[in-house]
Amino acid sequence: MKEIALYFASSNEGKLVEVRTMLEAAALPICVLSAKTAGGMPFVEENAPDYIGNARLKARALKASLGKDAWVLAEDSGLEVDALGGAPGIHTARYGSPDASSLVKCAELLAEVDERSETNRKARFVCVMILLTQDEEYIFRGECSGTLARNMLGEQGFGYDPIFIPDGHNTTFAELGARVKNKISHRAQALNALMGGLHSLTHLQ
Ligand code: IMP
């Protein structure tokens with residue numbers, strides 16, 4: 001069976017590693033290529049009103065630079081914190097001090113939540129993925145609920161992993177590591193749905 005090149009529309013290395021690891025483990029005739037191998041991820045102003053819209057903007061931008069036959073996978077994700085009324089949500093990538101490190105952004109978010117609410121630390125990660133094949137668009141969604149830690153814990157993963165404790169665990173994503181995170185995360189759930197779809201799509205090639 002012919003292997004399909006699937007271009008991942010992101011310049012976030014952490015996301016790319018997770019997506020590649022999970023898709024490769026599924027033994028599909030798919031090869032995940034970074035946007036870098038296609039000349040880099042084009043700049044996209046993520047100004048859509050929701051995750052689907054932003055994922056679509058990224059997917060279409062990369063497809064436009066690759067040509068109509070290319071298969072492209074894009075995602076938009078975010079962290080929704082109850083004590084902040086669901087923020088940062090779709091604005092997560094641009095939240096906190098501009099140009100600050102992930103660790104500084106984690107500390108800033110914890111400080112903001114501590115100021116607002118002593119008790120309600122509920123939060124969830126949301127991920128929407130868009131797959132563009134030659135002429136179709138497919139949408140997949142995943143969500144992972146949890147609570148915010150009191151302090152940053154763990155060194156694995158990326159972004160807000162050091163402060164997010166998924167339900168059913170008492171350590172953060174950054175402590176749990178890829179093996180556990182890739183089974184339960186928002187991205188894993190969206191990818192599981194996508195992989196179900198890819199099974200039938202790749203068999204049609
Ligand atoms: P975007 O999808 O490029 O808009 O970025 C979403 C932002 O949400 C990332 O830059 C991270 O800060 C955060 N984020 C999304 N998924 C995760 C995750 O799995 N772990 C930690 N942070 C994440």
Side-chain angles (χ1 to χ4, degrees), residues 8-23 34-36 40-62 72-81 84 86-110 112-113 123-131 139-149 152-167 169 171-192 194:
F8 186 54
S10 174
S11 37
N12 181 322
E13 275 296 313
K15 289 181 179 182
L16 173 68
V17 169
E18 289 185 7
V19 167
R20 186 174 268 155
T21 305
M22 288 186 265
L23 278 178
S34 71
K36 244 191 246 166
M41 182 62 202
F43 173 75
V44 173
E45 192 163 349
E46 296 182 33
N47 55 8
D50 50 30
Y51 297 106
I52 294 183
N54 281 335
R56 187 175 280 135
L57 288 172
K58 293 183 240 187
R60 289 184 178 173
L62 188 59
V72 171
L73 177 65
E75 72 123 79
D76 196 55
S77 47
L79 178 64
E80 299 179 351
V81 178
L84 304 180
I90 59 164
H91 306 292
T92 305
R94 297 160 294 284
Y95 204 65
S97 301
D99 301 325
S101 68
S102 292
L103 290 183
V104 168
K105 290 189 177 195
C106 284
E108 287 178 349
L109 188 79
L110 286 186
E112 200 182 344
V113 171
R124 74 206 54 77
F125 271 122
V126 176
C127 172
V128 168
M129 292 202 167
I130 296 231
L131 170 69
I139 302 173
F140 308 92
R141 191 177 194 281
E143 193 171 312
C144 180
S145 298
T147 52
L148 293 181
M152 284 180 265
L153 293 165
E155 283 166 10
Q156 302 175 73
F158 68 98
Y160 291 96
D161 281 348
I163 61 169
F164 185 80
I165 302 173
D167 285 349
H169 295 265
T171 47
T172 65
F173 267 161
E175 293 174 288
L176 288 167
R179 210 173 49 81
V180 177
K181 184 183 177 191
N182 288 348
K183 286 198 178 108
I184 60 174
S185 77
H186 48 313
R187 193 161 294 106
Q189 292 179 36
L191 270 180
N192 281 337
L194 170 95

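Note that ligands are numbered from 1 as they come in the structure, with each ligand's atoms numbered from 1 the same way. The structure presented is a predicted model; accordingly, all values stated were derived computationally and were not measured. Along the sequence shown, residues are numbered consecutively beginning with 1. Keep in mind that the numbers below use all heavy atoms, side chains included, and drop hydrogens, waters and symmetry copies.
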Colleague: Is the closest heavy atom of D161 to ligand 1 under 4.0 Å?
Modeller: yes

Colleague: Looking only at heavy atoms, is any part of K58 under 4.0 Å from ligand 1, and if so is it the side chain, the backbone, or both, or is it neither?
Modeller: side chain

Colleague: Which is it for E75 and K58 under the salt bridge (Lys or Arg N to Asp or Glu O under 4.0 Å) test, yes or no, and what are the steps along the way?
Modeller: CA-CA 8 Å; E75 72 123 79; K58 293 183 240 187; 5.5 Å; no

Colleague: Would you say K181 touches ligand 1, if touching means a heavy atom closer than 4.0 Å?
Modeller: yes

Colleague: So which bit of F164 gets within less than 4.0 Å of ligand 1, heavy atoms only: side chain, backbone, both or neither?
Modeller: neither

Colleague: For atom 7 (C) of ligand 1, state which one of I163, T92, N54 supplies the nearest heavy atom.
Modeller: T92

Colleague: Measure the NZ-SG distance between K183 and C144 for me, rounded to the nearest 0.5 Å.
Modeller: 14.0 Å

Colleague: Distance to 0.1 Å, residue and atom name: give those for the protein heavy atom nearest to atom 2 (O) of ligand 1.
Modeller: K15 NZ, 2.6 Å

Colleague: Taking only heavy atoms of G159 into account, list the atoms of ligand 1 that are under 4.0 Å away from them.
Modeller: 21 (C), 22 (N)

Colleague: Could you find the nearest protein heavy atom to atom 23 (C) of ligand 1 and give me its residue, atom name and distance?
Modeller: F125 CE2, 3.4 Å

Colleague: Which residue holds the protein heavy atom closest to atom 16 (N) of ligand 1, what is that atom called, and what is the gap in Å?
Modeller: R187 NH2, 2.9 Å

Colleague: Report the member of S185, S77, C144 with the shortest heavy-atom distance to atom 15 (C) of ligand 1.
Modeller: S77

